[in-house]
Structures are given as C-alpha cells and as structure tokens.
Amino acid sequence: MSLSPWSIALLIAASSVVALADDTRISSVKRPPVEKRNPFYVSNREPLLPSPLIKLPIGAIRPGGWLRRSLEIEAAGLTGHLTEISRFCNAEGNAWLSRDGQGHSGWEELPYWLKGFADLGYVLGDQRINTESRKWIEGILSSQREDGWFGPRSNVGKDGKPDLWPNMLALNCLQSYFEHTGDKRVLDFMTKYFRWQLALPEADMLPGSWQKIRAGDNLESIHWLYNRTGDAWLLELGRKIHARTADWTGGIASWHGVNICQGFREPAVFYVQARDEKFLQAAVRNYETVIGMYGQAPGGMFGADENCRPGFRDPRQGAETCSIVEFMHSFEMLLKFTGDPLWADRCEQVALNSFPPSQPPDQKGLHYLTAANETVLDSKNHSPGIQNGGCMLAYDPRSYRCCQHNISHGWPYYAEEMWLATPDAGLCASLYAASEVEAKVGDGTTVRIAEATAYPADETVTFTVSTPKAVRFPLYLRIPEWCRGATVSLNGKPLDAKAAPLSYLVIERTWADGDKVVLELPMHLAVKVWESNQNAVSISRGPLEFSLKIGEKWTRYGGTDDWPAQEVHPTTPWNYGLEIDPKNPDASVQVVKKEWAIAPYPFAFEAAPVELRAKARKIPEWTLDRHGLVAVLQPSPVRTTEPVETVTLVPMGWARLRIAAFPQASASPDANKWAEVPKAAYVATASYCHPGDTVESLSDGFLPRNSGDHGIPRFTLWDHKGTAEWAAYRFPKPRTLSWSDVYWFDDTGRGGCRIPASWRLLYKDGDQWKPVTPAGGSTYGTARDTFNKVAFEPVTTGEVRLEVNLQPSVSGGILEWRVGPAEAK
Ligand SMILES: [Zn+2]
C-alpha cells in the first residue's frame with residue numbers, strides 16, 4: 001500500500017490527530033443549503049428550484065452487505081431471468097427491438113422490467129445483465145419515428161393516438177443508461193421525442209387513463225433533460241404536461257393504489273418548476289390524506305388491494321407490489337426536491353418492512369398483496385375481502401403481470417440513492433447500509449467513503465474517508481425521526497453535536513486520508529396505538545417494525561422446480577393480543593439481538609437479526625373469516641382470560657406471515673368482548689365461474705349502481721356462451737323462503753356479458769330439485785339496472801338453485817342474488 005504524504009503525516013502525528021480537527025465545524029441543519037451550486041453533478045438548472053440533494057451518477061455508489069446480497073439475489077432470481085419467464089420480455093419478434101415498431105409487445109411490461117433490470121446491472125457491474133439490457137436500449141433508440149415518437153406501433157390506438165404511458169417508463173430506462181454511460185444519443189432522442197410531444201394538439205396530449213394520471217413521470221423526464229440541455233421550450237412543455245395531467249393538486253385524482261403511489265407526488269414535481277409552495281403542500285397533503293384514511297397500520301403502506309375502498313381500512317388490507325416500489329421511488333424523488341429527511345425515513349420504512357416479503361427470500365417469485373396482518377398466503381380466491389378475485393397472496397413467478405415486471409427497480413433505485421451530493425460540494429449519507437461511495441467534493445478532489453454497518457440491525461455506522469490529499473467538504477449524516485440521542489465521534493474523539501431527530505448532522509472539515517467517523521443511532525422500543533384501527537398496537541425499534549413470529553409451512557402448488565409457485569401456511573397460532581404498556585414497552589418487552597446471516601438470503605425468516613419477547617394472550621374468538629382472511633380487528637382492549645404467554649416477534653421485513661397490528665389483550669372484566677366472527681349465511685356454488693370472479697360475490701352485500709357496474713365484485717359465466725348454467729345457495733339448516741331477486745350483470749359496450757334469455761328458481765326437496773311456484777302474478781324478469789324480484793309459494797329447503805339460460809353466443813353474470821324468508825313481503 002502506498003501512503004500519501006498526508007497519510008504519512010497522519011501516522012507520524014498520530015497522537016495529535018485532534019489538532020487536525022481544529023478547522024472542524026459541527027452543525028445541525030434541517031436541510032442542506034441551496035444557495036450554492038454543486039459544480040460537479042447535474043442538478044436543477046435555473047429557473048427550476050435548486051436541488052438540496054443531488055443524485056450521483058449511477059455506479060458512484062457500490063452497495064455492500066445485505067443490500068449487495070439482495071441485488072445479487074435479484075440478479076439470480078425473477079428479475080434477472082424474466083426473459084425466460086415472461087412472454088413480454090421474449091426478444092424473438094419483440095416490437096421493442098424492431099426498427100419499425102412491428103412485432104409482439106405487451107404494453108407497459110417490457111419497459112417496466114427494463115428500468116429495474118438495466119439499473120441492476122449498472123449498480124452491480126454485472127456484465128451479463130449489461131449486455132442484455134444494452135440490446136433493449138438499442139432497440140428503443142432505433143425505434144424512433146421520423147416525427148419523434150417511438151415504441152411499439154401497437155401502442156397507437158385505432159384513432160391513431162399513441163399511448164404515452166409505456167414511453168414514460170422507457171424514458172426512465174434511457175435516463176439511467178445515460179447516467180451510467182454518458183451516451184449523448186439519449187439527449188438527442190429525448191429532445192426529438194419531447195418536440196413531438198410539444199407539437200401535439202392539446203386534446204391529444206394525455207387524453208385519459210393511466211397516462212393522464214401518471215404523467216408526473218413524464219414531467220420528471222422533461223426536467224431531467226432540461227437540466228442537461230437547457231432548452232427553454234422544455235419548460236413550456238412541462239407546463240402543458242402539468243396542465244393536462246389529472247388534477248393531483250386539488251386532491252386524490254384516482255383511488256387506484258399504484259396511481260396514488262406515483263400520482264400523489266405530481267404537484268411536487270411541478271413545484272420545482274412553478275416555484276410555488278402550494279404545489280409541494282398538495283403532494284404532502286395527498287400523502288397524509290391517503291395514509292390517514294387507509295394507512296393506519298405498520299409498514300408504511302396503505303390498503304389498496306386494487307383501489308382504496310371505503311370500509312376496507314383494516315391492517316389486513318394489502319398493498320400491491322407495484323405500489324410498494326413506486327412509493328419508495330416517489331419518496332426518493334421527494335427527498336431530492338425538498339431535502340426533508342422525513343422522506344428518507346419513509347423510504348426506509350417501506351423498503352425494510354414491506355418490500356422484502358413481497359417476494360420469497362430467494363426472489364424467485366412474488367405476490368400481489370402484502371399486508372400488516374396476513375396469516376395465510378394461499379392461492380384461493382378471497383374476494384370480496386380482497387377486491388380482486390383469483391390468487392393474490394401466494395408466491396408465483398408467472399403471475400401478477402404488472403408487479404412481475406415492475407418489481408425490478410425496488411432495490412436498484414434504493415441502492416442509487418443511499419448517498420447524495422449536496423449543493424455545497426459535500427456528500428450526504430442518506431439511506432444507511434454498508435456501501436462505498438466515490439465522488440468529487442470540495443475543490444474537486446475525488447474521495448471515497450466506506451460505510452460499514454449492519455444497519456438496520458445495528459445502531460452503529462462507521463465511515464472511513466479515503467482521499468489522495470487533504471480536502472475540505474461537508475459530510476451530512478441523516479438523523480431519522482425515531483432517533484433520540486444520536487452521537488458521533490471523529491477519529492475516536494466524541495464530537496459535541498446536537499443531533500436532533502429529522503435533521504442532518506454536518507461535519508465540515510479538512511478531511512485526511514483514513515479519517516473515521518462513527519455515528520451511533522440509538523434504537524429504542526416504541527409502541528404506536530392505531531386509534532382509528534380499533535386501538536390496535538404495533539412495536540417498532542429504530543426503522544424496524546415487528547410482527548408475531550408465525551411458523552411457516554411452504555407448499556409448492558404449481559410452477560417448476562426452478563420457478564415454483566408456493567403457498568405459505570401457518571404452523572403456529574397467530575391469534576394473540578399483546579399485554580403491553582404503550583408508554584413503557586421496555587417494562588415488558590425484551591430485545592434479543594442475533595447475528596445477521598446475510599447469506600444465503602438476508603430476508604429469510606430464520607435470518608431475522610433481532611427478536612423481541614413480549615407478553616401476550618390468545619384471543620380464541622379471533623379466527624379467519626368467511627373470506628379466508630384474518631378477521632378484521634375489534635376494539636381494544638380485548639377481554640381474554642387465556643394464560644399470559646411469552647411470544648416472539650420478528651421484524652416485519654423477515655415475516656411473510658404476519659400479525660403486526662395487535663389487539664391489546666386484557667383480563668379485566670371491563671375490556672371488550674370479541675364478537676364471534678360471523679359465519680357465511682350461505683355456501684354458494686355454481687356450475688361454473690370465471691376464474692377472475694367469485695361465487696362469494698353473489699351475496700356479498702355490495703349493491704350495484706347499474707348492470708354495468710365494474711366497481712364491485714361480480715359473478716360471471718364468462719367465457720361460457722349460450723349455455724345453461726346454475727348457481728346455488730346451501731343453508732346450514734333448512735329455511736322457509738318466499739321470494740328471491742337477482743341483479744344481472746350486463747357489460748354491453750365493454751364486454752361479452754348480457755342479461756340471460758330466461759331463468760327460474762328451484763329448491764331441493766329430499767334428493768329432488770323442484771321449481772318454485774311463482775305467486776301473485778310474479779314472473780322471472782330480465783330487466784337491466786334493477787333487481788328482478790320473483791315471489792313464490794313458500795318452500796322450506798336446505799338448498800336453492802337459480803337456473804339460467806344464456807342468450808345465444810353471449811355470456812352472462814350476476815352482481816347480487818338475494819333470497820328472502822316467508823314472512824317478508
Ligand atoms: Zn402491480
């Protein structure tokens with residue numbers, strides 16, 4: 001090892017290191033100052049608001065520890081091999097690779113995958129991935145039409161208007177590629193594309209749907225290009241795009257989960273251009289609105305098992321995997337726009353608690369929905385407890401089409417944002433994990449800083465500076481909101497630093513080679529009471545939130561040996577309430593630290609690096625409900641006289657089966673009795689049901705607005721056409737019935753379901769099915785947009801059947817089917 005003169009001086013003067021600290025200035029700031037401009041890295045150009053934090057070129061940060069391991073697993077897992085699994089990523093005849101845009105193509109899938117896959121290669125320096133991704137990048141670059149538009153011609157509608165949404169993702173791919181390689185073709189390509197956008201008639205610009213809702217992404221790409229070329233007309237385009245984007249400034253423009261996770265920040269993207277605080281406030285308000293209504297549970301996400309649904313705010317309502325990675329990405333962007341460390345906290349919260357369990361530990365599959373309370377991951381249909389029918393919870397590499405591709409950018413983007421440059425030519429350690437950063441600082445000297453830590457398992461983060469010569473620059477260290485009493489030392493000597501939560505501790509000095517900073521971020525137990533979710537409680541320690549440790553049984557139900565589809569079932573009880581004093585958790589909760597074995601899989605259940613031991617009692621009445629989901633919480637404290645047990649909790653990020661929002665258990669007679677979970681009034685069966693729909697929806701109580709209502713769960717016979725079919729209700733004990741009504745599903749103008757040709761009702765008498773006898777002139781109606789009621793002579797039966805004859809060559813369906821007792825009129 002060769003020593004720089006400075007290092008030698010240091011060695012000689014080892015005992016006088018402290019003297020070197022003479023010019024050291026310690027301060028604490030809410031955000032980095034924006035008065036200066038970082039001369040080394042591209043940041044916002046006038047008149048855009050200056051960036052308090054600036055992204056470093058991709059490749060400047062080398063992740064280590066658990067994050068590197070997670071990226072390597074991703075490369076060996078689903079994302080790294082999606083070309084072998086997803087037909088949309090199959091190169092053969094793919095429209096994204098053809099010069100004229102002809103060929104097979106999905107829609108958003110290929111660029112969804114590519115934007116994470118390519119970055120994964122850049123971040124890891126993985127040659128196989130870089131070679132593969134380059135092929136697709138070249139395909140995109142060569143697909144540009146003369147007028148500037150690009151991409152598969154199948155993205156052009158029948159009206160000749162292209163859908164801009166898939167291209168927003170492709171632009172992200174190109175931006176990363178440029179940041180990694182500096183290939184100037186990207187700037188020309190994007191300039192030409194945005195000129196084409198600018199020339200669009202207003203009515204053709206973001207006419208509707210996803211592209212209108214998610215166009216904040218388009219705006220971000222415009223700013224990215226403006227910062228590199230300075231073409232003023234780009235800002236005019238930016239204004240137009242904002243004006244044509246769905247209105248997120250006035251509130252939540254769409255209640256679709258992924259739309260929210262991307263769209264909520266759109267006003268903050270425009271804030272940078274408009275220089276008006278009201279836009280930033282709108283994004284903050286959007287976040288708080290959604291979290292306030294549907295995010296009252298640990299994990300940092302909100303319940304939207306497709307959309308947010310009124311009445312579905314229990315911690316069991318999951319977040320889509322697309323939502324998880326998009327929320328992380330939004331927080332990473334907001335951090336750079338504002339410098340507010342709260343956004344980094346939020347990013348860590350989601351990344352460390354909600355993201356890992358969206359996949360099995362080997363990242364060879366994924367599921368659609370991750371929730372705070374989720375006690376079985378099976379392939380059953382849980383609608384309408386979950387909005388979508390079909391398998392949503394089991395891990396499957398071949399399913400969940402959007403998430404399957406979009407999950408790719410979760411870890412790579414996270415790794416790119418761990419370190420950021422500051423306007424005053426310094427560096428900021430933002431998202432903590434083992435890593436090494438190489439960047440220009442101060443007078444332009446290139447330094448390296450090695451960050452050694454097992455964070456989030458560990459409270460200590462050690463930074464070692466390597467520099468060829470002495471250089472003065474500020475080092476910013478983020479102090480999270482949960483952290484009380486952070487301390488820092490420099491070369492073994494404690495510094496007198498006031499490190500308040502939600503601030504940056506700044507050490508500015510003339511750094512010497514080998515300088516070492518040790519940051520201590522004490523992690524204390526904290527209990528959160530979720531008042532609007534029945535006073536449930538959850539426990540956190542530092543950035544980690546905790547779940548009951550539930551034994552897992554993994555079962556393969558499909559797929560292949562290499563790419564299995566798997567269910568996870570519990571092997572131990574989960575229906576516990578905690579006995580805990582929320583104000584003083586230390587009195588009853590014990591922290592047990594363990595060695596974190598990051599190989600082979602850092603987020604494997606058995607690798608959990610810290611456990612809690614807490615006091616709990618079982619709540620015997622708390623079971624699965626009739627949808628096969630953990631029953632919704634009831635008001636705490638919950639009365640239970642079951643014995644007190646010591647249970648183990650593990651961090652949520654390691655728990656795929658989880659109870660993280662616990663009832664508070666109490667033996668006091670004043671506590672609330674847990675009402676028995678209502679059982680199904682009927683068992684519904686049918687001759688057939690479309691796999692995406694559910695017989696459960698026949699009697700789910702969601703009443704339609706009209707026969708074409710797509711907003712509620714439904715039962716359809718699609719794609720059976722012109723056939724005779726049936727649905728039936730079986731009762732636990734015989735009931736006397738005298739009426740029934742049915743609301744037909746008819747999606748004329750959109751799909752192939754129509755009202756039926758005819759129907760009738762039968763009841764079971766012994767072993768025989770017999771038709772009921774309509775009474776009082778009643779007939780079997782087939783009217784749209786209303787219940788069709790038939791009264792009949794009372795029958796007492798254990799099972800009733802609705803027989804239906806579909807119209808020739810069309811299918812049919814039912815939105816709600818009710819039967820009524822004899823005493824009802
Ligand atoms: Zn998705």
Side-chain angles (χ1 to χ4, degrees), residues 383-384 626 678 680-690 693-718 720 722-749 751 753-765 768-807 810-825:
S383 170
R626 69 195 184 97
Y682 328 123
V683 176
T685 55
S687 56
Y688 169 77
C689 177
H690 173 58
D693 300 328
T694 161
V695 291
E696 281 270 351
S697 69
L698 287 166
S699 60
D700 62 11
F702 289 104
L703 300 187
R705 284 171 302 160
N706 53 58
S707 282
D709 193 341
H710 280 71
I712 60 170
R714 59 181 177 264
F715 162 84
T716 80
L717 295 157
W718 182 257
H720 289 198
T723 48
E725 307 281 350
W726 57 265
Y729 288 149
R730 195 167 60 239
F731 309 121
K733 55 184 187 205
R735 293 180 58 185
T736 301
L737 307 172
S738 71
W739 65 268
S740 175
D741 61 11
V742 54
Y743 206 113
W744 302 109
F745 178 64
D746 185 318
D747 57 359
T748 298
C753 290
R754 301 289 180 274
I755 52 163
S758 65
W759 66 288
R760 65 174 186 159
L761 215 61
L762 301 99
Y763 68 100
K764 205 159 197 183
D765 183 9
Q768 303 249 306
W769 285 107
K770 295 181 177 171
V772 301
T773 307
S778 235
T779 58
Y780 291 110
T782 55
R784 287 185 187 85
D785 304 331
T786 185
F787 276 104
N788 292 273
K789 184 165 184 173
V790 59
F792 49 82
E793 290 176 5
V795 295
T796 300
T797 182
E799 193 165 0
V800 62
R801 177 182 275 195
L802 188 163
E803 268 187 7
V804 60
N805 290 305
L806 298 174
Q807 295 187 57
V810 293
S811 191
I814 295 172
L815 290 170
E816 195 75 4
W817 171 33
R818 304 184 294 199
V819 292
E823 50 276 16
K825 286 284 178 295

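Predicted model, so just to flag it, every value in this text is computed and none were measured. Below, all heavy atoms of this structure are taken into account, side chains as well, without hydrogens, waters or symmetry copies.
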Verdict with reasoning, W744 to N788, per side chain to side chain contact (heavy atoms under 4.5 Å, CB included)
CA-CA 8 Å; W744 302 109; N788 292 273; 3.3 Å; yes
Could you walk me through whether E725 and Y688 pass side chain to side chain contact (heavy atoms under 4.5 Å, CB included), step by step?
CA-CA 7 Å; E725 307 281 350; Y688 169 77; 3.9 Å; yes
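- In this structure, R784 and D746 approach most closely via the heavy-atom pair NE-OD2, 2.7 Å.
- Annotation for L815 and S707: closest pair CD1-O, 3.7 Å, computed over non-hydrogen atoms.
- Remark: side-chain polar atoms of Q807 are paired, donor with acceptor, to backbone N or O of I755 under 3.5 angstrom.
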Intermediate values then yes/no, side chain to side chain contact (heavy atoms under 4.5 Å, CB included), R801 and Y763:
CA-CA 6 Å; R801 177 182 275 195; Y763 68 100; over 6 Å; no
Under the criterion ring pair (Phe, Tyr, Trp, His ring centres under 6.0 Å), I'd like the reasoning laid out for F715 against W817: C-alpha separation, chi angles, the key distance, then a yes or no.
CA-CA 10 Å; F715 162 84; W817 171 33; 9.0 Å; no
Side chain to side chain contact (heavy atoms under 4.5 Å, CB included), that's the test. Do L698 and E816 meet it? Break it down for me.
CA-CA 5 Å; L698 287 166; E816 195 75 4; over 6 Å; no
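- R818 forms a cation-pi arrangement with F787, by the criterion of a distance under 6.0 Å to the ring centre and an angle within 45° of the ring axis.
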Could you list the donor-acceptor pairs under 3.5 angstrom formed between side-chain atoms of residues 769-783 and any protein atom two or more places apart in sequence or on another chain?
residue	atom	partner	partner atom	Å
K770	NZ	D765	OD2	2.6
S778	OG	A791	N	2.8
Y780	OH	L761	N	3.2

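- Across every non-hydrogen atom of C689 and V695, the tightest pair is SG-N, 4.0 Å.
- With sequence neighbours left out, F792 forms a ring pair (Phe, Tyr, Trp, His ring centres under 6.0 Å) with no residue at all.
- One N or O on the side chain of D747 and one on the backbone of C753 form a donor-acceptor pair closer than 3.5 Å.
- At distances below 3.5 Å, at least one donor-acceptor pair connects side-chain atoms of T797 with backbone N or O atoms of K764.
- The closest donor-acceptor contact from the side chain of S811 to the backbone of H720 lies under 3.5 Å.
- The nearest pair of heavy atoms linking Y729 to S699 is OH-CB, 3.4 Å.
- Nearest approach of F731 to V800, heavy atoms of both residues: CZ-CG1, 3.7 Å.
- Remark: D785 engages no residue in a side-chain hydrogen bond (donor to acceptor under 3.5 Å, both in side chains) (not counting sequence neighbours).
- When all heavy atoms are compared, the tightest approach of F745 to T716 is CD2-CG2, 3.7 Å.
- Judged by distance alone, with hydrogens and angles left aside, the side-chain atoms of T736 form no donor-acceptor pair with the main-chain N or O of P821 at under 3.5 Å.
- The shortest side-chain heavy-atom distance between I814 and L802 falls under the 4.5 Å cut-off.
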